[in-house]
Amino acid sequence: MKIWVDADACPNVIKTILFRAAERVKIECILVANQLIAIPPSQWVSRQQVSQGFDEADNYIVDHVEEHDLVITADIPLAADVIEKKAIAINPRGEIYTKENIKQRLAMRDFMEQMRSTGEHIGGPDSFNHQDRAAFANALDKLLIRRR
């Protein structure tokens with residue numbers, strides 16, 4: 001199992017949790033982004049910088065992810081592609097995407113995008129908070145324990 005991180009939009013506090021987890025359980029953690037991302041010196045943490053452009057990081061992850069790998073992303077279409085490859089996807093708020101819930105998430109995302117395109121002001125996600133961080137850490141721990 002490897003951990004792949006859609007790192008461009010991943011909150012720094014989540015990256016820090018991932019760095020510690022990679023060291024603790026000795027698992028490879030790869031941050032993929034189209035900009036240079038700071039990482040700690042570690043044999044378990046690396047980064048892959050991709051070209052600028054729409055979905056370049058997502059495409060890289062989909063091309064390299066393997067069955068049972070873990071992908072950290074808030075990008076619903078990327079999560080759907082990851083699940084199709086029999087990998088695991090979790091968002092930075094600790095929600096695990098599954099075959100059972102990803103279609104609903106895609107439909108809701110498309111609906112919200114359609115609403116925004118009509119000029120409807122629907123707001124964005126709530127700001128990231130301590131409960132989100134704790135939910136992510138708990139979900140990550142459960143997934144890493146299950147891998148053993």
Side-chain angles (χ1 to χ4, degrees), residues 1-113 116 123-148:
M1 174 192 251
K2 292 180 183 175
I3 299 173
W4 296 91
V5 184
D6 184 8
D8 285 318
C10 185
N12 286 332
V13 66
I14 297 302
K15 291 176 197 165
T16 300
I17 291 168
L18 290 165
F19 299 155
R20 289 184 191 141
E23 287 292 325
R24 186 178 72 245
V25 300
K26 301 183 182 351
I27 188 170
E28 190 175 357
C29 179
I30 306 118
L31 284 78
V32 183
N34 59 22
Q35 59 187 328
L36 191 61
I37 301 286
I39 60 171
S42 168
Q43 74 179 59
W44 302 106
V45 178
S46 63
R47 65 180 163 228
Q48 178 64 47
Q49 188 171 355
V50 297
S51 302
Q52 294 288 328
F54 188 70
D55 287 342
E56 290 295 322
D58 297 358
N59 294 337
Y60 185 90
I61 292 170
V62 170
D63 289 346
H64 291 86
V65 72
E66 297 179 2
E67 186 173 350
H68 305 300
D69 282 355
L70 175 59
V71 176
I72 313 305
T73 186
D75 185 299
I76 306 289
L78 172 57
D81 290 343
V82 164
I83 290 168
E84 193 171 303
K85 291 190 80 170
K86 297 188 172 137
I88 302 160
I90 181 175
N91 73 21
R93 295 177 189 267
E95 179 182 6
I96 299 171
Y97 298 114
T98 65
K99 284 189 292 186
E100 293 75 30
N101 71 17
I102 198 67
K103 284 183 174 51
Q104 177 188 8
R105 301 282 183 234
L106 279 168
M108 181 57 76
R109 174 195 170 274
D110 293 345
F111 173 74
M112 298 301 268
E113 215 166 86
R116 280 189 289 274
D126 293 337
S127 54
F128 197 77
N129 61 40
H130 181 72
Q131 288 86 2
D132 296 324
R133 188 183 95 202
F136 176 82
N138 290 334
L140 178 65
D141 281 344
K142 287 177 187 171
L143 290 169
L144 293 176
I145 287 169
R146 195 181 314 160
R147 118 187 206 279
R148 291 182 186 168

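Values below: every heavy atom of this structure, side chains too, minus hydrogens, waters and symmetry copies.
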Original post:
M1 and H68: which non-hydrogen atoms are nearest, and at how many Å?
Top reply: CE-O, 3.3 Å
**OP:** For the residue pair K142 and I96, establish whether any side-chain heavy-atom pair is separated by less than 4.5 Å.
**Re:** no
Original post:
If every non-hydrogen atom of D6 is compared with every non-hydrogen atom of C10, which pair is closest and at what distance?
Top reply: O-CB, 3.6 Å
Original post:
Minimum heavy-atom separation for E56 to Q52, with atom names?
Top reply: CG-O, 3.9 Å
Original post:
Side chain of D69, backbone of K2: donor and acceptor closer than 3.5 Å?
Top reply: yes
Original post:
Out of V65, D81, V32, which one pairs with V71 under the side chain to side chain contact (heavy atoms under 4.5 Å, CB included) rule?
Top reply: V65
**OP:** Taking all non-hydrogen atoms of both residues into account, name the closest pair between N91 and A74 and its distance.
**Re:** CB-CA, 4.2 Å
Subject >> Heavy-atom side-chain contact between I72 and F136 under 4.5 Å >> reply: yes
Original post:
So do the side chains of L143 and R146 get within less than 4.5 Å of each other, counting heavy atoms only?
Top reply: yes
**OP:** May I have the step-by-step check of side chain to side chain contact (heavy atoms under 4.5 Å, CB included) for I76 and Y97, ending in yes or no?
**Re:** CA-CA 9 Å; I76 306 289; Y97 298 114; 3.5 Å; yes
Original post:
Has the side chain of D55 got a donor or acceptor atom that lies under 3.5 Å from a matching backbone atom of N59?
Top reply: no
Original post:
Would I61 and L78 count as a side chain to side chain contact (heavy atoms under 4.5 Å, CB included) if you check the C-alpha gap in whole Å, the side-chain angles of each, and the deciding distance to 0.1 Å?
Top reply: CA-CA 8 Å; I61 292 170; L78 172 57; 4.2 Å; yes
Original post:
Out of curiosity, D58 CG to D75 CG, how far, rounded to the nearest 0.5 Å?
Top reply: 4.5 Å
**OP:** For the pair D132 (side chain) and N129 (backbone), establish whether a donor and an acceptor sit closer than 3.5 Å, ignoring hydrogens and angles.
**Re:** yes
Subject >> Nearest-0.5 Å distance that lies between atom CD in E100 and atom CD1 in I83 >> reply: 9.0 Å
Original post:
What's the spacing between D141 CG and R24 CZ if we round to 0.5 Å?
Top reply: 5.0 Å
Original post:
How far apart are the closest heavy atoms of S127 and R93, and which atoms are they?
Top reply: O-NH1, 3.8 Å
Original post:
Can you list every pair that meets side-chain hydrogen bond (donor to acceptor under 3.5 Å, both in side chains) and has a residue in residues 28-37, with sequence neighbours left out?
Top reply: D8-Q35
**OP:** Measure the SG-NZ distance between C29 and K15 for me, rounded to the nearest 0.5 Å.
**Re:** 10.5 Å
Subject >> Heavy-atom pair with the smallest gap, counting every atom of A21 and I27 >> reply: O-CG2, 4.3 Å
Original post:
For the atom pair CZ (F19) and CD1 (I3), what is the distance rounded to the nearest 0.5 Å?
Top reply: 11.0 Å
**OP:** Assess whether side chain to side chain contact (heavy atoms under 4.5 Å, CB included) is satisfied between I14 and F128, documenting all intermediate values.
**Re:** CA-CA 10 Å; I14 297 302; F128 197 77; 3.5 Å; yes
**OP:** Might you work through the side chain to side chain contact (heavy atoms under 4.5 Å, CB included) test for V5 and R47, ending with a clear yes or no?
**Re:** CA-CA 9 Å; V5 184; R47 65 180 163 228; over 6 Å; no
